[in-house]
Enquirer: 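I have a structure I would like to understand better, so I am pasting it below and will then ask my questions one at a time.
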Amino acid sequence: MNPVRLIALDMDGTLLLSDHRTLPQENIEAIRRADAAGIRVCICTGRMLEDASDFIHRLGLPCMVIAANGARASDGPLPEGHVMLRRSFAPADAHRVLDALLPFGLMVNGFEDGLVSTVQDGTGRVYHLAERGLMPARYGADALRAAADRGLMKIFAVGRGSGIGDDDDARIAAAREAVRAALPQAQITSSAPDNLEIMPEGVSKGTALAAVAEQMGLTRESVMAVGDAANDLSMLEYAAHSVAMGNATRDVLAVCRYRTATNDELGVAKIIERVLDDTL
């Protein structure tokens with residue numbers, strides 16, 4: 001087995017604590033030690049590039065980014081990072097997805113570069129990136145349809161919960177089946193029971209990670225991926241060094257070669273230390 005030269009880290013449930021905001025100092029230091037040892041670290045998330053870039057800047061992390069579940073990848077945070085790949089829906093396909101989703105009354109977000117368009121669900125919720133001032137938002141079905149015409153990278157539907165928690169919502173399962181029937185080639189996954197993440201055909205964390213590794217001159221034998229949820233499965237199946245968090249779902253545990261501690265027990269720092277100590 002080749003030594004690890006690239007580490008891909010999911011954010012929620014992996015790199016961050018369970019509050020979905022806090023990045024432990026131990027994880028920060030482990031990332032910096034890996035970079036100093038010549039091992040590149042790539043944050044690989046369903047979140048948008050603007051969101052991941054904010055984390056990287058605030059904490060001074062030496063990281064690449066795969067964002068929107070593989071729809072966009074950058075060699076560093078915005079604005080200085082250079083986008084390495086970008087994928088989006090054909091307008092007709094985006095409209096098919098919206099036709100299937102909107103009748104369920106979910107909060108539906110459509111993402112372009114630097115812009116989110118949202119159909120709210122009657123609760124008055126605002127997408128958190130807009131609340132944090134990281135990207136502007138436009139509201140209503142007309143705004144979302146116009147964004148679909150321009151080209152959406154990802155469509156994100158949220159049930160009763162926040163979209164990052166554990167609140168189950170029966171509408172999510174029904175909406176998943178409706179989207180699958182409307183556009184069978186779409187990539188559909190979830191990062192929590194109360195959300196639905198929909199990307200264009202062929203877009204996933206795994207395909208983006210493979211493309212980034214290839215641009216770096218690496219094969220899968222030199223790549224480690226660490227994750228916990230369904231939207232991490234593709235990158236875990238790609239990476240020769242696949243690591244499940246201690247809080248991972250059953251499906252993730254089943255495909256991974258290694259297991260580390262939970263996100264709240266500093267599982268990322270512990271597995272990076274094993275790489276640096278050559279004790280995998």
Side-chain angles (χ1 to χ4, degrees), residues 1-16 22-45 47 49 51-67 69-70 72-86 204-228 232 234-246 248 255-261 263 265-280:
M1 184 75 71
N2 292 358
V4 174
R5 308 310 305 164
L6 173 63
I7 299 175
L9 301 173
D10 170 53
M11 284 185 70
D12 294 290
T14 300
L15 186 60
L16 303 180
T22 305
L23 182 52
Q25 188 63 34
E26 292 87 347
N27 288 353
I28 294 170
E29 292 171 358
I31 289 171
R32 290 174 179 163
R33 285 195 293 273
D35 184 71
I39 301 170
R40 293 303 310 272
V41 177
C42 182
I43 290 178
C44 197
T45 179
R47 298 191 187 206
L49 182 52
D51 195 0
S53 294
D54 180 57
F55 272 94
I56 291 170
H57 276 300
R58 285 192 286 110
L59 300 170
L61 297 176
C63 291
M64 307 169 70
V65 189
I66 290 172
N69 284 330
R72 231 180 355 168
S74 174
D75 61 5
L78 297 178
E80 68 270 24
H82 296 94
V83 174
M84 303 165 71
L85 66 86
R86 185 192 187 282
S204 69
K205 290 186 180 184
T207 56
L209 183 57
V212 168
E214 183 178 4
Q215 290 190 43
M216 296 174 64
L218 300 176
T219 64
R220 63 185 296 271
E221 284 73 25
S222 297
V223 179
M224 170 179 279
V226 188
D228 72 300
D232 300 318
S234 61
M235 73 172 183
L236 295 167
E237 289 167 345
Y238 163 76
H241 303 270
S242 53
V243 183
M245 298 297 294
V255 304
C256 286
R257 178 177 183 145
Y258 306 104
R259 183 172 178 176
T260 188
N263 59 321
E265 297 168 334
L266 307 176
V268 164
K270 290 175 180 178
I271 196 65
I272 290 177
E273 288 306 318
R274 288 183 62 187
V275 172
L276 295 175
D277 294 341
D278 199 22
T279 57
L280 280 179

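The chain is numbered in sequence order, starting from 1. Because only heavy atoms are used, hydrogens play no part in the values below, and waters and symmetry mates are left out as well, while side chains stay in.
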Enquirer: Within the structure provided, determine whether Asp228 and Asn263 are in side-chain contact (heavy-atom separation under 4.5 Å).
Expert: no
Enquirer: Within the structure provided, determine whether Arg259 and Val243 are in side-chain contact (heavy-atom separation under 4.5 Å).
Expert: no
Enquirer: With the side chain counted from C-beta on, respond yes when Glu80 and His57 share a heavy-atom pair under 4.5 Å apart, and no when they do not.
Expert: yes
Enquirer: Heavy atoms only: give me the nearest Met245-Val268 pair and the separation to one decimal.
Expert: CE-N, 4.2 Å
Enquirer: Check whether His241 reaches the backbone of Asn2 with its side chain - one donor and one acceptor, N or O, closer than 3.5 Å.
Expert: yes
Enquirer: Between atom SG of Cys44 and atom CG of Asp232, what is the distance when rounded to the nearest 0.5 Å?
Expert: 7.5 Å
Enquirer: Measure across Ala34 and Leu276 and return the closest heavy-atom pair with its distance rounded to 0.1 Å.
Expert: CA-CD2, 4.0 Å
Enquirer: How close do Cys256 and Ala244 get, heavy atom to heavy atom, and via which atoms?
Expert: SG-N, 3.5 Å
Enquirer: Any side-chain to backbone donor/acceptor pair from Arg220 onto Tyr238? Under 3.5 Å, distance only.
Expert: yes
Enquirer: What's the spacing between Leu16 CG and Arg47 CZ if we round to 0.5 Å?
Expert: 5.5 Å
Enquirer: Is the shortest heavy-atom distance from the side chain of Glu273 to the side chain of Thr279 under 4.5 Å?
Expert: no
Enquirer: Considering non-hydrogen atoms only, spot the tightest contact between Ala269 and Asn27 and give its length.
Expert: N-OD1, 3.1 Å
Enquirer: Taking the side chain as everything from C-beta on, heavy atoms only, tell me whether Leu218 gets closer than 4.5 Å to Val212.
Expert: no
Enquirer: Flag yes if more than 12 heavy atoms outside Asp278 fall under 6.0 Å of its CG atom; otherwise flag no.
Expert: no
Enquirer: Decide yes or no for Ile7 and Ile31: does some side-chain heavy atom of the first lie under 4.5 Å from some side-chain heavy atom of the second?
Expert: no
Enquirer: Are the charged groups of Glu265 and Lys270 less than 4.0 angstrom apart, N to O?
Expert: no
Enquirer: Would you compute the distance between atom CZ of Arg32 and atom CD1 of Ile272 and round it to the nearest 0.5 angstrom?
Expert: 12.0 Å
Enquirer: Taking atom CD of Glu214 as the centre, report whether more than 12 heavy atoms of other residues, nucleotides or ligands fall under 6.0 Å from it.
Expert: no
Enquirer: Kindly give the heavy-atom pair with the smallest separation between Met84 and Asp75, and that separation in Å.
Expert: SD-N, 3.6 Å
Enquirer: Check whether any side-chain heavy atom of Leu23 lies under 4.5 Å from a side-chain heavy atom of Ile28, and answer yes or no.
Expert: yes
Enquirer: Looking only at heavy atoms, which two atoms of Ala225 and Met235 are closest? And how far apart?
Expert: CB-O, 3.6 Å
Enquirer: Should Arg40 and Met216 count as side-chain neighbours, where that means a heavy-atom distance under 4.5 Å?
Expert: yes
